[in-house]
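Each chain gets a letter, A, B and so on, in the order its sequence line appears, and its residues count up from 1.
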There are 2 protein chains.
Amino acid sequence: MDNQKISPETRLAQMIAKLKENEFRITPQRYAVLRILAHSEYHPSAESIYEQLIADYPTMSPATVYKTINLLKKNGEILELEFSEMSNRYDGNRPYPHPHMICTQCGAIVDPPMHDFEKLKSKMMEETGFTISSFRLDFFGLCPDCRKE
Amino acid sequence: MDNQKISPETRLAQMIAKLKENEFRITPQRYAVLRILAHSEYHPSAESIYEQLIADYPTMSPATVYKTINLLKKNGEILELEFSEMSNRYDGNRPYPHPHMICTQCGAIVDPPMHDFEKLKSKMMEETGFTISSFRLDFFGLCPDCRKE
DNA sequence: TTATTAGTTGATAATCATTATCTATTCACT
DNA sequence: AGTGAATAGATAATGATTATCAACTAATAA
């Protein structure tokens, strides 16, 4: 599984290629959303993407951001981190399951180095009779910055 | 960490003891909600708890179910599994972080045997500089029943 | 070039789980 | 029995996300 960092430009090109491959249009609005997702390290929310775009695209609607996110989801080009007490967050760089570190104070979400969960997965499958297709692993705590206070 | 199954009656008594200890009243409504949580293996939603109670407690309100759940949360006697695309689910038997197997077809949520995450946790802390206080680990797939189809 | 058609945008309304509000009720304790 | 605090339940509010639909845009056909 690829885990080394891909450049934002390459990632953007990948996302565009996938959408084109499936015959979706790359509109200026979609391009703008894809660009932010490809460049973001901090797992933005839909609202945060919208706020970054509204300056350059005054007619941009939150609905369009949500629609583009859902389009990327359907095409497997984005990972959605669901929350119920706050907005969902998105990872456009690594659209496959991987662990996240979530700061309970400032809300930062960062990617730790990927570890191998295959052994754990197969053990769980044996013990429960499930077939496992995906997983979600979040660690909650304080990020280095918030620890200092 | 205790991981062997506790009887529903014992678990109910534990929850009641904790609430009394913190000077909360054990009303008939609260008792009913606690009883369901102590007896449930399937990680019920608030709505599901309400539906089970409305027959015996015709005046029961969903608000009371939610309030009781929040009371238990504040007292550390329940584990909340947040979702954004469906209702939150609750574990009153093991109110500490542990992995879950979630069937994407029928929605069943079951507890696999608890494994040791201490090594993984400390490795993550080293590599990211976070202090980790909690975690969430969900495996998604098909349960044995849904696999058969 | 114009017409046709499907895809897309953006404003707005709808949804739905959960929380907040407020009044009536119940409980604990004098 | 009386008093004050806690609780229940009805209802409204919240907020993120989705649905709806008319206007707009782009691609292709005539």
What is the distance, to the nearest angstrom, from the [atom1] atom on [X] to the [atom2] atom on [N]?
{"X": "B:Asn70", "N": "D:dT7", "atom1": "CG", "atom2": "P", "value": "14 Å"}
{"X": "A:Ile26", "N": "C:dG7", "atom1": "CD1", "atom2": "P", "value": "15 Å"}
{"X": "A:Arg89", "N": "D:dA16", "atom1": "CZ", "atom2": "P", "value": "13 Å"}
{"X": "B:Lys20", "N": "C:dC27", "atom1": "NZ", "atom2": "P", "value": "14 Å"}
{"X": "A:Leu81", "N": "D:dA16", "atom1": "CG", "atom2": "P", "value": "17 Å"}
{"X": "A:Met86", "N": "D:dT17", "atom1": "CE", "atom2": "C1'", "value": "16 Å"}
{"X": "A:Glu82", "N": "D:dA16", "atom1": "CD", "atom2": "C1'", "value": "12 Å"}
{"X": "A:Ile69", "N": "C:dT9", "atom1": "CD1", "atom2": "P", "value": "13 Å"}

Does [N] have OP1 or OP2 sitting under 4.0 Å from an N or O in the side chain of [X]?
{"X": "A:Asn88", "N": "D:dA16", "answer": "no"}
{"X": "A:Tyr66", "N": "D:dT18", "answer": "no"}
{"X": "A:Thr64", "N": "C:dT9", "answer": "no"}
{"X": "B:Gln29", "N": "D:dG9", "answer": "yes"}

A:Pro8: side-chain contact (heavy atoms from CB on, under 4.5 Å) partners, not counting sequence neighbours: A:His39

Side-chain heavy atoms of A:Arg94 within contact of A:Leu79, under 4.5 Å: no

Salt bridge (Lys or Arg N to Asp or Glu O under 4.0 Å) partners of B:Arg35, counting only residues at least two apart: none

A:Asp91 vs A:Arg89, salt bridge (Lys or Arg N to Asp or Glu O under 4.0 Å): CA-CA, chis, key distance, verdict: CA-CA 7 Å; A:Asp91 192 334; A:Arg89 305 280 288 265; over 6 Å; no

Side chain to side chain donor-acceptor pair (under 3.5 Å) against B:Glu127, all qualifying residues, sequence neighbours excluded: A:His115

Test side chain to side chain donor-acceptor pair (under 3.5 Å) applied to B:Ser84 - qualifying residues, sequence neighbours left out: A:Glu82, A:Asn88

Check: C:dG10 base within 3.5 Å donor-acceptor of A:Lys67 side chain: yes

Geometric class of the A:Phe139/B:Phe135 ring pair [parallel <30°, tilted 30-60°, perpendicular >60°]: tilted

Heavy-atom donor-acceptor pair, A:Ser122 side chain to A:Glu118 backbone, under 3.5 Å: yes

A:Gln14 side chain to A:Thr10 side chain, donor-acceptor N/O pair below 3.5 angstrom: no

Between N or O atoms, less than 3.5 Å apart, protein on one side and nucleotides 4-6 of chain D on the other: list the pairs.
unit_1: D:dA6; atom_1: O4'; unit_2: B:Arg25; atom_2: NH2; d: 3.2

Residue-level proximity of residues 34-60 of chain B to DNA chain D when a heavy atom falls under 4.0 Å: B:Thr59, B:Met60

Most 5' of B:Ala63 and A:Pro28 on DNA chain D, judged by nearest nucleotide: B:Ala63

Nearest-nucleotide pick for A:Thr27, side chain only, options being D:dG9, C:dT9, D:dA8: C:dT9

Least distance between heavy atoms, B:Pro95 atom then B:Arg11 atom: CG-NH2, 3.6 Å

